[in-house]
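Only heavy atoms go into these numbers, but all of them, side chains included; no hydrogens, no water, no symmetry mates. Not measured: the values here are computed from a predicted model. Below, chain A is the first sequence line, B the second, and so on; all start at residue 1.
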Amino acid sequence: MGIYEELKARGLIAQVTDEEEIRELLNNGKAVFYIGFDPTADSLHVGHFMALCLMKRLQMAGNKPIALIGGGTGMIGDPSGRSDLRQMMTTETICHNCDAFKKQMERFIEFGEGKAMMVNNADWLMKLNYVDMLREVGCCFSVNNMLRAECYKQRMEKGLSFLEFNYMIMQSYDFYHMFQAFGCNMQFGGDDQWSNMLGGTDLIRRKLGKDAYAMTITLLMNAEGKKMGKTASGAVWLDPNKTSPFDFYQYWRNVGDADVLKCIRMLTFLPLEEIDAMDKWEGSQLNRAKEILAYELTKLVHGEDEAEKAQETARALFSGTGDAENMPATVLSEDRFENGKIGVLNLLTACGLCASNGEARRLVQQGGVMVSDKKAEVTDVYDREDFSGEGVVIKKGKKIFHRAQI
RNA sequence: GGGGGAAUUCCAGAGCGGUCAAAUGGGGCAGACUGUAAAUCUGUUGUCUACGACUUCGAUGGUUCGAAUCCAUCUUCCCCCA
């Protein structure tokens with residue numbers, strides 16, 4: 001089975017421009033492909049992780065990846081899948097984010113001579129001259145067609161600025177540029193990028209009369225049709241400082257039954273046969289599958305040690321035995337105490353478990369808080385000494401554990 | 001450039017000048033049930049020194065005993081015509 005077939009079997013491929021050609025290129029290690037990453041935050045998240053895995057898989061099959069950081073396109077902002085104008089980012093934030101991305105990616109992909117490349121499209125996009133640019137590529141784009149593109153459709157109702165309208169042209173230009181500069185013959189991206197990517201293959205065909213290919217990766221959706229990798233408080237980050245390995249583990253440990261196998265197939269590197277065997281699992285047996293999923297992903301992102309720790313901690317906490325060293329912890333600062341004492345409500349907000357005192361109060365009143373295995377009351381007060389040594393374990397709801405120490 | 005409309009709490013979306021911290025739905029959080037799943041049911045969802053007080057309804061001024069609701073200016077967005 002070639003790599004293309006494997007990707008397909010894993011359900012990673014959404015759309016392709018020319019299946020035969022792409023299969024041929026990928027299976028024979030002849031593809032020089034790129035995936036773009038927009039520096040919209042200072043850390044990569046789960047969505048990017050899929051792309052990184054894909055890069056890794058293809059690299060292992062002998063193809064050459066180019067990771068493109070959108071330092072230039074970030075100046076514009078991609079309107080795809082957005083219902084409103086993206087907030088414009090300052091040049092400084094973009095640079096900062098680019099650096100952060102670079103560091104994270106190096107953990108997954110091997111860069112260097114003859115291996116993967118990392119480039120920043122600011123290097124060529126920022127130099128472009130408006131009129132030259134229009135004359136060079138502007139003539140190749142049909143506004144009529146662009147307006148028909150899926151990525152703009154929803155924005156036709158809400159309003160779309162000219163700035164954002166140009167995003168597709170910028171992205172197309174990237175491909176065109178890299179096709180010539182690095183022999184890049186293929187582009188991958190999320191399925192929401194399809195129209196932007198076609199813009200690139202089209203431009204190459206028109207300008208150079210050559211063929212280039214594009215393929216999109218299935219977006220990771222749950223059974224309800226929502227994007228996965230998001231929580232109420234935002235994305236699930238790969239940066240351990242933004243999403244702790246334990247929380248990361250728990251996110252996957254808690255996916256719905258209907259989604260486990262899909263996630264394992266798409267995100268892990270487990271052999272397909274092994275996954276197919278799991279397909280038959282059902283009911284509470286799926287809990288085992290969820291553990292595997294969570295462990296494997298944590299291992300990939302944070303390393304084996306962290307995965308081990310997270311798993312042990314989770315098992316200990318949920319089985320109610322053993323103590324759990326690796327749960328998220330907060331060190332209480334002195335000024336949180338008043339005369340050497342602290343009330344539950346303050347404790348909860350100090351640990352970031354509640355956003356406000358009022359929220360903490362409600363939570364406690366509804367019986368959602370346990371401190372050291374005892375149900376908390378609003379009037380509870382703790383001594384400073386209680387937090388020395390191992391500290392105190394706070395349980396919010398059924399699944400959130402937190403340790404408070406001094 | 002001309003004409004019309006809209007801005008409400010996380011989102012969507014109600015809201016007579018007093019009874020509005022603001023209907024309803026979604027989402028979130030918690031409780032029950034469970035398998036750390038889903039579905040379902042219940043409670044809750046501005047802040048605080050909490051049976052009371054304080055700050056909110058795009059921004060700034062104004063009318064009024066009183067304004068999310070009326071007036072003016074500004075900002076942003078949408079629609080129609082050019």
Looking at A/Arg23 and A/Glu20, is there a salt bridge between them, counting it only when a charged N and a carboxylate O are closer than 4.0 Å? yes
Do A/Glu106 and A/Lys102 meet the salt-bridge criterion of a basic N to acidic O distance under 4.0 Å? no
Please give the distance between the [atom1] atoms of [N] and [M] as a whole number of Å.
| N | M | atom1 | answer |
| --- | --- | --- | --- |
| B/A59 | B/U44 | C1' | 33 Å |
| B/A22 | B/U45 | C1' | 14 Å |
| B/U56 | B/G61 | P | 12 Å |
| B/G58 | B/A7 | C1' | 6 Å |
| B/C48 | B/U55 | P | 15 Å |
| B/A32 | B/C79 | P | 49 Å |
| B/G2 | B/C71 | P | 23 Å |
| B/U9 | B/U60 | P | 15 Å |

Contact under 4.0 Å: A/Lys399 side-chain N or O vs B/U34 OP1/OP2: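 So the side chain of A/Lys399 is outside the cut-off, no N or O lying under 4.0 Å from OP1 or OP2 of B/U34.
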Take atom [atom1] of [X] and atom [atom2] of [N], then tell me their distance rounded to the nearest Å.
| X | N | atom1 | atom2 | result |
| --- | --- | --- | --- | --- |
| A/Glu291 | B/G35 | CD | P | 16 Å |
| A/Glu282 | B/U34 | CD | P | 20 Å |
| A/Asn254 | B/G35 | CG | P | 15 Å |
| A/Tyr249 | B/U36 | OH | P | 13 Å |
| A/Ile292 | B/U36 | CD1 | P | 17 Å |
| A/Leu348 | B/A30 | CG | P | 12 Å |

Residue pairs, two or more places apart or on separate chains, that pass side chain to side chain donor-acceptor pair (under 3.5 Å) and touch residues 115-137 of chain A: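 Only A/Thr73-A/Asn121, A/Glu110-A/Lys115, A/Asn121-A/Asp174, A/Trp124-A/Asp174, A/Glu136-A/Tyr176 qualify under side chain to side chain donor-acceptor pair (under 3.5 Å).
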Quick test of your reading: applying side chain to side chain donor-acceptor pair (under 3.5 Å), list the pairs with at least one residue in residues 270-279 of chain A, sequence neighbours left out, ordered by first then second residue.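 Sorted pair list: A/Arg265-A/Asp276, A/Arg265-A/Asp279.
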Would you find more than 12 non-hydrogen atoms of other residues, nucleotides or ligands less than 6.0 Å from A/Asp373 atom CG?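 No, the 6.0 Å shell around CG holds no more than 12 heavy atoms from other groups.
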Take N1-N3 plus N6-O4 or O6-N4 for Watson-Crick, N1-O2 plus O6-N3 for G-U, both under 3.5 Å. Which runs of 3 or more such pairs involve RNA chain B?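 As far as RNA chain B goes, consecutive pairing (with distances under 3.5 Å) yields the stems B:1-7 with B:75-81, B:10-12 with B:24-26, B:27-32 with B:40-45, B:46-48 with B:52-54, B:58-62 with B:70-74.
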How would you list, by chain and number, every residue that makes a side-chain hydrogen bond (donor to acceptor under 3.5 Å, both in side chains) with A/Thr216, sequence neighbours excluded? A/Asp191
Non-neighbouring partners of A/Glu306 that pass side-chain hydrogen bond (donor to acceptor under 3.5 Å, both in side chains), sequence neighbours left out: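 Partners of A/Glu306 by the side-chain hydrogen bond (donor to acceptor under 3.5 Å, both in side chains) criterion come out as none, since no residue qualifies.
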Anti versus syn assignment for B/C74, with syn defined as within 90° of 0: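 Nucleotide B/C74 adopts anti.
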So for A/Gln366 and B/G43, does any side-chain atom that can act as donor or acceptor lie under 3.5 Å from a complementary atom in the base? yes
In terms of the nearest nucleotide of RNA chain B, which residue is placed more toward the 5' end: A/Arg253 or A/Lys375? A/Lys375
Starting at the 5' end of RNA chain B, which residue's closest nucleotide do you reach first, A/Gly256 or A/Lys396? A/Lys396
For a quick check of understanding: with a heavy-atom distance under 4.0 Å over all strands, which category does A/Gln250 fall into, base, sugar-phosphate or nothing? base
Side-chain donor-acceptor contacts of residues 237-244 of chain A below 3.5 Å, not counting sequence neighbours, with atom names and distances?
from: A/Asp239; atom 1: OD1; to: A/Asn241; atom 2: N; distance (Å): 2.8
from: A/Lys242; atom 1: NZ; to: A/Asp42; atom 2: OD1; distance (Å): 2.7
from: A/Thr243; atom 1: OG1; to: A/Trp237; atom 2: N; distance (Å): 2.9
from: A/Ser244; atom 1: OG; to: A/Asp247; atom 2: N; distance (Å): 3.1
from: A/Ser244; atom 1: OG; to: A/Asp247; atom 2: OD2; distance (Å): 3.2

Distances under 3.5 Å between protein N/O atoms and the N/O atoms of nucleotides 46-50 of chain B, please, pair by pair.
from: B/U47; atom 1: OP1; to: A/Ser356; atom 2: OG; distance (Å): 2.8
from: B/C48; atom 1: OP1; to: A/Asn357; atom 2: N; distance (Å): 3.0
from: B/C48; atom 1: OP2; to: A/Asn357; atom 2: N; distance (Å): 3.2
from: B/C48; atom 1: OP2; to: A/Gly358; atom 2: N; distance (Å): 2.8
from: B/U49; atom 1: OP2; to: A/Asn357; atom 2: ND2; distance (Å): 3.1
from: B/A50; atom 1: N7; to: A/Arg361; atom 2: NH2; distance (Å): 3.2
from: B/A50; atom 1: N6; to: A/Arg361; atom 2: NE; distance (Å): 3.2
from: B/A50; atom 1: N1; to: A/Arg361; atom 2: NE; distance (Å): 3.0

Considering only heavy atoms from C-beta outward, does the side chain of A/Val119 approach that of A/Phe182 to under 4.5 Å?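 A side-chain contact exists here, since the closest heavy-atom pair is under 4.5 Å.
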Which donor-acceptor pairs under 3.5 Å do side chains of residues 338-351 of chain A form with protein atoms, sequence neighbours excluded?
from: A/Lys341; atom 1: NZ; to: A/Asp383; atom 2: OD1; distance (Å): 2.5
from: A/Thr349; atom 1: OG1; to: A/Leu345; atom 2: O; distance (Å): 3.2
from: A/Thr349; atom 1: OG1; to: A/Asn346; atom 2: O; distance (Å): 3.0

Residues pairing under ring pair (Phe, Tyr, Trp, His ring centres under 6.0 Å) where one sits in residues 256-277 of chain A, two or more places apart or in two chains, turn out to be none
Qualifying ring pair (Phe, Tyr, Trp, His ring centres under 6.0 Å) pairs with a residue from residues 350-406 of chain A, counting only residues at least two apart or across chains: A/Phe318-A/Phe401, A/Phe337-A/Phe387
Could you identify which residues of residues 257-269 of chain A place a heavy atom less than 4.0 Å from some atom of RNA chain B, listed by residue number, or say none?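 Listed by number, they are A/Asp257.
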Under 3.5 Å, which donor-acceptor pairs do the side chains of residues 284-296 of chain A form with other protein atoms, sequence neighbours left out?
from: A/Asn287; atom 1: OD1; to: A/Arg253; atom 2: NH2; distance (Å): 2.4
from: A/Arg288; atom 1: NH1; to: A/Glu291; atom 2: OE1; distance (Å): 3.0
from: A/Lys290; atom 1: NZ; to: A/Val255; atom 2: O; distance (Å): 3.2
from: A/Lys290; atom 1: NZ; to: A/Asp257; atom 2: OD1; distance (Å): 2.8
from: A/Glu291; atom 1: OE1; to: A/Arg315; atom 2: NH2; distance (Å): 3.3
from: A/Glu291; atom 1: OE2; to: A/Arg315; atom 2: NE; distance (Å): 2.9
from: A/Tyr295; atom 1: OH; to: A/Glu308; atom 2: OE2; distance (Å): 2.9

